[in-house]
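We name chains A, B, ... by the order of the sequence lines, and we start the count at 1 in each one. This structure is a prediction, so every number in the text was calculated from the model and none was measured. Note that these values count all heavy atoms, side chains included, but never hydrogens, waters or copies made by symmetry.
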Number of protein chains: 2
Amino acid sequence: MAGIRAKQKEKTRQALINAAMNQLSAENGFSSLSLREVAREAGIAPTSFYRHFRDMDELGLTLVDECGLALRQLLRQARQRIESGGSIIRVSIETFMQFVADNTATFRLLLQERSGRSRSFRLAVVREIDHFKAELEDYLVNEQSFTRELAELQSDTIAKIVFSAGADCFDVDEEEREIITEKTILQVRLVARGAEATRRLLKRES
Amino acid sequence: MAGIRAKQKEKTRQALINAAMNQLSAENGFSSLSLREVAREAGIAPTSFYRHFRDMDELGLTLVDECGLALRQLLRQARQRIESGGSIIRVSIETFMQFVADNTATFRLLLQERSGRSRSFRLAVVREIDHFKAELEDYLVNEQSFTRELAELQSDTIAKIVFSAGADCFDVDEEEREIITEKTILQVRLVARGAEATRRLLKRES
DNA sequence: TCTAATAGCGTACACCTGTACGCTGAATGT
DNA sequence: ACATTCAGCGTACAGGTGTACGCTATTAGA
């Protein structure tokens with residue numbers, strides 16, 4: 001009952017996923033990489049691909065899901081680390097940027113397919129970003145006592161800033177990446193300060 | 001000296017550009033559209049393509065340039081309209097969103113190739129966004145008396161927000177687009193308020 | 001008016017693509 | 001022990017791709 005068979009299947013499935021990620025990291029966008037080449041790099045015959053995925057698209061969606069999942073887990077870990085003191089903004093953004101550096105290929109896929117390809121791709125990406133926003137929003141409401149409305153506006157803004165900053169890291173070396181990270185921290189603080197000012201403004205009115 | 005020959009050449013060149021834009025607006029990313037199909041839609045033989053562009057890439061870069069140029073001109077016009085009174089933020093963002101709605105195909109190309117394809121593509125896109133930021137930054141320094149440093153931070157933030165919001169408009173209808181526009185206006189005001197608060201903070205320190 | 005330049009065409013070629021089909025050998029369940 | 005399942009293979013095919021090459025007809029320039 002070891003499932004020696006299922007184990008092997010899972011192994012080549014992962015080989016396909018890795019192959020796709022490698023070819024992605026090179027230069028080509030996802031849409032320009034071919035079933036045959038992916039299969040070749042994974043070390044199986046082209047036709048065997050279909051034992052694991054219906055399409056290349058199905059493989060792509062898997063990549064998007066995995067990328068989003070990994071990011072969420074990482075950020076949740078980071079948030080726990082914060083509970084023992086430290087700036088949430090700094091730790092979160094540093095974690096995020098490190099993730100982008102470690103998973104450039106899939107993160108690039110995420111951003112690229114956000115505004116292209118098939119509708120299902122776009123929806124999948126939006127879903128991942130929404131997860132990110134929702135967790136941030138809850139934090140702002142529960143820990144910082146923001147209104148739901150203002151928290152929503154704020155988290156959406158921060159998500160836009162952070163994901164864009166992630167995209168800025170693609171071509172650059174580590175030194176430059178640190179500069180971008182510091183800049184992003186300042187930008188998020190700018191937003192936080194704006195939100196704080198807005199909150200006071202609304203309180204005074206009422 | 002009418003240049004009857006050059007005129008015809010320019011005409012088919014435009015036909016190629018239009019054909020590419022059409023095929024882009026459909027569903028396919030730029031990398032997945034082919035020289036042959038573009039030539040077919042433009043009504044010329046595949047091999048005649050080379051009389052106008054070395055590559056598909058060269059055509060793509062042309063599209064990026066044209067898109068950026070059109071956007072800049074539009075925003076400059078909008079800014080002139082503002083000089084006779086009106087909210088800069090509102091007018092600029094509404095103009096921007098209208099542009100995205102009218103030029104979805106090329107704007108999508110812009111954002112897509114921002115994080116993919118060849119390096120030259122990415123650089124071209126970055127250049128266009130930098131134009132956008134530079135004009136905004138100058139405005140903040142000259143008209144709003146911000147420090148260069150704070151203006152730079154602010155314009156970069158706003159550019160990230162606005163371009164992301166543009167991407168959010170791709171799939172949606174006009175009603176939804178107006179909602180996004182209003183939201184974006186609020187977000188940019190958030191940043192402006194944060195920058196204002198930061199400026200006061202710095203002034204008090206010195 | 002005569003010559004050079006050139007936009008566009010048609011043919012041809014080598015290459016790559018997705019996938020239909022049927023087979024094989026090993027793991028599985030009985 | 002035996003029958004079933006199924007991951008992976010090889011062959012095959014039709015269709016799409018970029019582009020090299022040489023031709024034609026029209027315009028530009030002398």
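- Summarising the geometry, the separation between CG on B/Leu59 and P on D/dG18 is reported as 12 Å, rounded to the nearest angstrom.
- Under the 4.0 Å criterion applied to side-chain N and carboxylate O atoms, B/Asp138 and B/Lys133 are not assigned as salt-bridge partners.
- In this structure, the nucleotide among D/dC9, D/dA28, C/dT17 sitting nearest to the side chain of A/Arg51 is D/dC9.
- To the nearest angstrom, P of C/dA20 lies 11 Å from CG of A/Leu35.
- Phosphate proximity of C/dT17 to A/Arg40: present, with a side-chain N or O under 4.0 Å from OP1 or OP2.
- Separating the CD atom of A/Glu58 from the P atom of C/dT19 is a distance of 12 Å, rounded to the nearest angstrom.
- Within 4.0 Å of A/Arg13, counting heavy atoms only, lies no atom of the nucleic acid at all.
- To the nearest angstrom, P of C/dG10 lies 12 Å from CD1 of B/Ile44.
- Put simply, CD on B/Gln8 is 10 Å from P on C/dC9, counting in whole angstrom units.
- Looking at the side chain of B/Tyr50, the nearest of the listed nucleotides D/dT27, C/dC9, D/dG18 is D/dG18.
- Taking atom CZ of A/Phe49 as the reference point, atom P of C/dT17 lies 13 Å away to the nearest angstrom.
- Residue contacts for A/Arg54: at a heavy-atom cut-off of 4.0 Å it reaches no nucleic acid atom on any strand shown.
- For the pair B/Thr12/B/Leu16, no side-chain contact is recorded, criterion being any heavy-atom separation below 4.5 Å from C-beta on.
- Taking the side chain of B/Arg5 as heavy atoms from C-beta on, and the options D/dA7, D/dA28, C/dT19, the nearest nucleotide is D/dA28.
- In terms of position along DNA chain D, the nucleotide closest to A/Lys9 lies nearer the 5' end than the nucleotide closest to the other residue of the pair B/Asp55 and A/Lys9.
- In this structure, A/Thr47 reaches the bases: a heavy-atom distance under 4.0 Å links it to at least one base atom across the strands shown.
- For B/Arg122 and A/Asp168, the salt-bridge test fails: no basic side-chain N is under 4.0 Å from an acidic carboxylate O.
- Here the C1' atom of nucleotide C/dG18 and the CZ atom of A/Phe53 are 17 Å apart, to the nearest Å.
- A sub-4.0 Å separation between OP1 or OP2 of D/dA7 and a side-chain N or O of A/Thr12 is absent.
- A salt bridge links A/Arg90 and A/Glu182; the closest N-O separation between the charged side-chain nitrogens and carboxylate oxygens is under 4.0 Å.
- Side chain B/Arg36 to base D/dG16: no donor-acceptor pair is found below 3.5 Å.
- For A/Thr198, the side-chain contact (heavy atoms from CB on, under 4.5 Å) partners two or more places apart in sequence, or in a different chain, are A/Leu150, A/Leu202, B/Leu190, B/Arg193.
- The nearest whole Å value for the distance from the CG atom in B/Asp57 to the P atom in D/dG18 is 12 Å.
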